[in-house]
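Let me begin by presenting the structure, written as structure tokens, before commenting on it.
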Amino acid sequence: AIVALTRALATELGKDSIHVNCVAPGFTMSDGVKSNPKVVEALRDVSVAARTIQRDQVPEDVVGAVVFLCTPAADFITGQTMVIDGGQYFH
């Protein structure tokens with residue numbers, strides 16, 4: 001649903017030079033996740049094993065992509081979903 005919304009908004013707002021993109025992170029070891037040991041125990045090893053880059057994903061892994069999308073370097077990017085998951089999506 002978020003991907004469809006991203007594309008629809010990009011189509012609608014592109015004429016006004018408004019860019020709409022989506023960031024789709026994988027299972028991230030955020031403070032909220034770490035505060036729930038059952039979730040970490042259930043998902044950590046499976047997530048890491050499924051990635052091309054086999055380590056925990058941390059919030060800082062997502063920051064660079066978000067910053068890039070906010071810069072002039074991304075001025076011709078809209079309607080896209082950037083998957084940030086260490087290669088899990090295609091692995």
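Residue numbers count from 1 along this sequence. These figures come from a predicted structure and were not determined experimentally.
Once rounded to the nearest 0.5 Å, the distance linking CD of Q57 with CD of Q88 reads 8.5 Å. In this structure, E41 CD and N36 CG are separated by 10.5 Å, a value rounded to the nearest 0.5 Å.
For the pair T28/V33, no side-chain contact is recorded, criterion being any heavy-atom separation below 4.5 Å from C-beta on.
A continuous path of hydrophobic side-chain contacts links I18 to L9 [ILVMFWY only; heavy atoms under 4.5 Å]. Residues M29 and L43 share a single hydrophobic cluster, defined by chaining ILVMFWY side chains whose heavy atoms lie under 4.5 Å apart.
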Could you go step by step and tell me if R44 and D56 meet the side-chain contact (heavy atoms from CB on, under 4.5 Å) rule? CA-CA 7 Å; R44 182 183 220 169; D56 284 337; 2.4 Å; yes
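Within the structure, salt bridge (Lys or Arg N to Asp or Glu O under 4.0 Å) contacts touching residues 1-13 (residues at least two apart or in different chains) are E12-K15.
More than 12 heavy atoms of other residues, nucleotides or ligands shown are found within 6.0 angstrom of CG on D75.
No donor-acceptor distance shorter than 3.5 angstrom exists from the side chain of D85 to the backbone of P25, with no hydrogens or angles considered. The closest donor-acceptor contact from the side chain of Q80 to the backbone of T78 lies under 3.5 Å.
Between S30 and P59, the shortest heavy-atom distance links the atoms CA-CG, 4.0 Å.
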Kindly list each side-chain donor-acceptor pair under 3.5 angstrom involving residues 61-70, sequence neighbours excluded, with atom names and distances?
from: D61; atom 1: OD1; to: R55; atom 2: NH2; distance (Å): 2.9
from: D61; atom 1: OD2; to: R55; atom 2: NH1; distance (Å): 2.9
from: D61; atom 1: OD2; to: V58; atom 2: N; distance (Å): 2.9

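Under the 4.5 angstrom side-chain criterion for Ile, Leu, Val, Met, Phe, Trp and Tyr, V48 has no cluster partners at all.
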